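Heads up: the structure comes next, in structure tokens.
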Protein chains: 2
Amino acid sequence: MKKRISESTIHRLSLYYRALSLLEKENVVTVSSKELAKREKLTPAQVRKDLSFFGSFGTRGLGYQVAELRSRMSHILGINRDWRVALIGIGNIGSALVSYKEFARQGFHIVKLFDNDQRKIGSNHKGIVVSDIKDLEKELKEDNIEIVIVAVPATVAQYIVDDVVAAGVKAILNFAPINLRVPPEVCLRNENMSMELEYLSFAVVNNHTPKKVI
Amino acid sequence: MKKRISESTIHRLSLYYRALSLLEKENVVTVSSKELAKREKLTPAQVRKDLSFFGSFGTRGLGYQVAELRSRMSHILGINRDWRVALIGIGNIGSALVSYKEFARQGFHIVKLFDNDQRKIGSNHKGIVVSDIKDLEKELKEDNIEIVIVAVPATVAQYIVDDVVAAGVKAILNFAPINLRVPPEVCLRNENMSMELEYLSFAVVNNHTPKKVI
DNA sequence: TAATTCTTGTGAAGCATTTCACATGAGCGG
DNA sequence: CCGCTCATGTGAAATGCTTCACAAGAATTA
């Protein structure tokens, strides 16, 4: 399996995983691509094609075993395990994310907090003591952090990310509204909430309706 | 101009707008598609093609006037004006968003807050008194709200959104991790932070590097 | 004014993604 | 056990998006 998987496919895997989790809770045993597609507003062919990149998980004439497919999806997405996540920047957004239960529910555990504000360093948020940003690289290494969430002002984000990369972290979720440079082996995702509002304002002004909802 | 504009193009318009704002601050007067592309890690052809959907804004041999193009972009995106935004759900995420200055900076003003918790109703957040969710439809109409941010638990999100739609709102930014049903004329965007972390965990587990960073 | 340089705007080509459509296999009822 | 129904998995077609490549316009210099 050396074919490049598209970003859209990966996002849809998350959707499938979520739908399957719900189905399992509803005690549904098998599900067809048709039903799965309906639940996530996709086409059955799309569902089957996405899954086919990773193997043949279904049974002709019957569909997919909900529990089994969910487990497969979690393996493919890498969420069949726990992740140690560090959060940098304990401002508005940062504080909210520390308390955001959805992350832990999916196995993403925020276990380190960093800030540069002396008043925040040493303080306790949800049982985690805030570390000094000065020790970022050292502590990320020591604690085997694999994913970092950056929630600092745009002006300092690049410096922070340089340190994060130096610490060997390969996955970064960035909330600062700025285009960050990272080496090609690092996966960077941007969460730019203003851009989403701008999308909406574009839609309203131009009477535009998106084909697919992300 | 009746061609369907792709989601990617709209997102890139936001990037152009941001880059142009910075250039203007740096007192740069003109910019080429090449330079603009470099700043946002795109190709010059992509920049020109995107702009060409909306008109011819450049001068051959010279490039684009920074100030003028920025103004054009803001008109196209609909951010040359202020927007009245309501925020529903004053939990972790909701509270953070009320204080998030980036929104107001782009002209998105949160002017209404709603919650169903009696302890929160009537309380004051950044100068805004929290309204009872029961009055949602009425107050959204009265206050001419055009954009709504939904930051409530997934279990109640659909009911809330039904009311929002009934109030005639045409643009919704949803933070609840659930697939919401809205009529076709309503533009719904989902901000699913867990999905972004899942993307990262997929990338780490599969040694996958995305072609383009969103 | 003519030659040169620069960079836009845009059809056409090249890729990528989505959808179609059907062969194939599994279950089930008679 | 045969025929019928159902639903997968997948090449091929269709659609959509990005990149190429170049004609053409604008400034500048001689």
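A note on names: the letters A, B, ... follow the listed sequences, proteins ahead of strands, and every chain is numbered from 1. Note that this is a predicted model, so its numbers are computed, not measured.
Side chains of A/E139 and A/F114 form a contact here, defined as non-hydrogen atoms less than 4.5 Å apart.
Ring-plane geometry between B/W83 and B/F108 is classed as parallel, the angle between the planes falling under 30 degrees on a 0 to 90 degree scale with a further cut at 60.
Atom CG in B/D50 sits about 10 Å away from atom C1' in D/dT18, given to the nearest Å. Taking atom CD1 of B/I5 as the reference point, atom P of D/dG16 lies 13 Å away to the nearest angstrom. The CG-P distance, from A/L62 to D/dC4, rounds to 21 Å in whole Å. Following rounding to the nearest Å, A/K41 (NZ) and C/dT18 (C1') show an atom-to-atom distance of 18 Å. In this structure, B/L51 atom CG and C/dT8 atom P are separated by 9 Å, rounded to whole Å. Going from atom CD of A/Q65 over to atom C1' of C/dA26 covers 12 Å, rounded to whole Å. Spacing between atom NZ of A/K49 and atom C1' of D/dA14 amounts to 13 Å, rounded to whole angstrom units. Atom CZ in A/F57 sits about 19 Å away from atom P in C/dG25, given to the nearest Å.
With D/dA12, C/dA26, D/dT8 as the candidates, the nucleotide lying closest to the side chain of A/S32 is D/dT8. Distances were taken from every side-chain heavy atom of A/R60 (C-beta onward) to each of D/dT19, C/dT24, C/dT8; the shortest belongs to C/dT24. Residue B/R48 places its side chain closer to C/dG9 than to any other of C/dG9, C/dG11, D/dA7. In this structure, of C/dT18, D/dC17, C/dC20, it is C/dT18 that holds the atom nearest to the side chain of A/S8. When the nucleotides C/dT19, D/dT19, D/dT18 are ranked by their closest atom to the side chain of A/T43, C/dT19 comes out on top. The A/S52 side chain lies nearest to D/dT10 when the options are D/dT8, D/dC22, D/dT10.
In summary, A/E146 and A/K170 do not engage in a salt bridge, as defined by a charged side-chain N under 4.0 Å from a carboxylate O. The existence of a salt bridge linking B/E7 and B/R12 is excluded, since no basic side-chain nitrogen approaches an acidic carboxylate oxygen closer than 4.0 Å.
The residue B/K34 sits apart from the nucleic acid: no heavy atom pair falls under 4.0 Å. Here A/S33 lies in heavy-atom contact (under 4.0 Å) with sugar-phosphate atoms only.
One finds the CD atom of A/E196 at 14.0 Å from the CD1 atom of B/I172 (value rounded to the nearest 0.5 Å). For the atom pair B/I149 CD1 and B/I93 CD1, the distance stands at 11.5 Å (nearest 0.5 Å).
Nearest-nucleotide positions on DNA chain C place B/P44 closer to the 5' end than the other of B/P44 and A/G61.
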Donor-acceptor pairs under 3.5 angstrom involving side-chain atoms of residues 60-73 of chain A: please list them, not counting sequence neighbours.
residue: A/E68; atom: OE2; partner: A/R72; partner atom: NE; Å: 3.0
residue: A/E68; atom: OE2; partner: A/R72; partner atom: NH2; Å: 3.1
residue: A/R70; atom: NE; partner: A/S21; partner atom: OG; Å: 3.1
residue: A/R70; atom: NE; partner: A/E24; partner atom: OE1; Å: 3.3
residue: A/R70; atom: NH1; partner: A/E24; partner atom: OE1; Å: 3.3
residue: A/R70; atom: NH2; partner: A/Y17; partner atom: OH; Å: 3.4

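Between C/dT19 and A/Q46, a contact under 4.0 Å exists linking OP1 or OP2 to a side-chain N or O. Distances shorter than 4.0 Å separate none of the side-chain N or O atoms of A/R4 from OP1 or OP2 on C/dT17. At the phosphate of D/dA26, neither OP1 nor OP2 sits under 4.0 Å from any side-chain N or O atom of B/Y64.
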Would you check, one step at a time, whether the test side chain to side chain donor-acceptor pair (under 3.5 Å) holds for B/Q158 with B/D162?
CA-CA 6 Å; B/Q158 184 65 59; B/D162 289 345; 2.9 Å; yes
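For the helix from C/dT1-D/dA30 to C/dG30-D/dC1, the axis fitted to the five pairs at one end and the axis fitted to the five pairs at the other end meet at an angle of 10° (nearest 10 degrees).
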